[in-house]
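Reading through the structure tokens given below for one structure.
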Amino acid sequence: MLKLRIYEVVRAVPSGMVSTYGDVAMIVGGGCDARIVGYALNAIPKTADDPVPWQRIINAQGGISTKGLLQRKLLEDEGIVFEADGRLSLPLFRWSGPTPEWAADHGFTVLPSVQADAGEQLGLF
DNA sequence: CGTATGACCATGC
DNA sequence: GGCATGGCCATAC
């Protein structure tokens, strides 16, 4: 089930950081797509023993795709700062992806493109 | 098994 | 900046 793998990846996103639907899809791999991530997050079981930080997944424009303001509030509580236009700085808050350790431990592959991309941005700052 | 639907994305106007 | 298309592919019915 891709949903479960997606949940695993989302759980790996640290507090105070965000990731995009597309990034999660790339990390999950194996015929995953940004829309699948959205679908999976929408279908998250709301059980307390299975928490998924769904609020840390945003769209590629750095904005919130959900309807209400709950997601934004949760992110702000974690230290995410929003710009005036309601979006956030992806270079600052975008999660660079799981560690190779984590990926190997959970059976994921780390995409070199994501790592190199994040490395440039982090190094820039 | 065919169709419809998405918390998406890139591109083009 | 917004709006329209096409592509994407797992679920649901």
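Throughout, a chain's letter reflects where its sequence line sits, starting with A, and its residues are numbered from 1.
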TODO: May I ask you to say what A/D33 touches in the nucleic acid, namely base, sugar-phosphate or nothing, with a heavy-atom cut-off under 4.0 Å?
DONE: base

Task: Nucleotide of C/dA10, B/dA7, C/dG7 approaching A/W54 most closely (side-chain heavy atoms) - done: B/dA7

TODO: Report the nucleotide, chosen from B/dA7, C/dT11, B/dC9, that has the shortest atom-to-atom distance to any side-chain atom of A/Q71.
DONE: B/dA7

Task: Nearest-0.5 Å distance, CZ of residue A/R11 to CG of residue A/D50 - done: 4.0 Å

Task: Atom pair distance, as rounded to whole Å: CD1 in A/I64 and C1' in B/dA7 - done: 10 Å

Distance-only donor-acceptor pairs under 3.5 Å for side chains of residues 74-82 of chain A, two or more places apart:
| residue | atom | partner | partner atom | Å |
| --- | --- | --- | --- | --- |
| A/E76 | OE2 | A/R72 | NE | 3.1 |
| A/D77 | OD2 | A/K73 | NZ | 3.4 |
| A/E78 | OE1 | A/G16 | N | 3.4 |
| A/E78 | OE1 | A/R56 | NE | 3.0 |
| A/E78 | OE2 | A/Q55 | NE2 | 3.2 |
| A/E78 | OE2 | A/R56 | NE | 3.1 |
| A/E78 | OE2 | A/R56 | NH2 | 2.8 |

- [ ] In whole angstrom, give the distance that lies between atom CD1 of A/I36 and atom P of C/dT11.
- [x] 7 Å

Open item on the list: For the CD atom on A/E101, are there more than 12 heavy atoms of other groups (residues, nucleotides or ligands in this structure) within a distance under 6.0 Å?
Closed with: no

TODO: Indicate, with a heavy-atom threshold strictly under 4.0 Å, whether A/K67 touches base, sugar-phosphate, or nothing.
DONE: nothing

TODO: Can you measure from CG (A/L90) to CH2 (A/W95) and round to the nearest 0.5 angstrom?
DONE: 14.5 Å

Task: For atom NZ of A/K3 and atom P of B/dG6, their distance in whole Å - done: 16 Å

- [ ] Nearest whole angstrom, please: distance from the C1' of C/dC9 to the CZ of A/R5.
- [x] 15 Å

- [ ] Would you mind reading off the distance between A/M1 atom CE and C/dA12 atom C1', rounded to a whole angstrom?
- [x] 11 Å

- [ ] Determine, for A/R87 against A/D85, whether the closest basic-nitrogen to carboxylate-oxygen distance falls under 4.0 angstrom.
- [x] yes

Open item on the list: Please report the distance, rounded to the nearest Å, between CD1 in A/I44 and P in B/dA7.
Closed with: 13 Å

Task: No-H, no-angle donor-acceptor pair, A/Y21 side chain to B/dA7 base, under 3.5 Å - done: yes

Task: A/L41 side chain, from C-beta outward: closest of B/dC9, C/dC8, B/dA7 - done: B/dA7

Open item on the list: Without decimals, in angstroms, what is the distance between A/I6 CD1 and B/dG6 P?
Closed with: 17 Å

Task: Residue met sooner reading DNA chain B from 5', once A/R35 and A/T20 are mapped to nucleotides - done: A/R35

- [ ] Report the distance from atom CZ of A/R87 to atom P of C/dG2, rounded to the nearest whole Å.
- [x] 8 Å

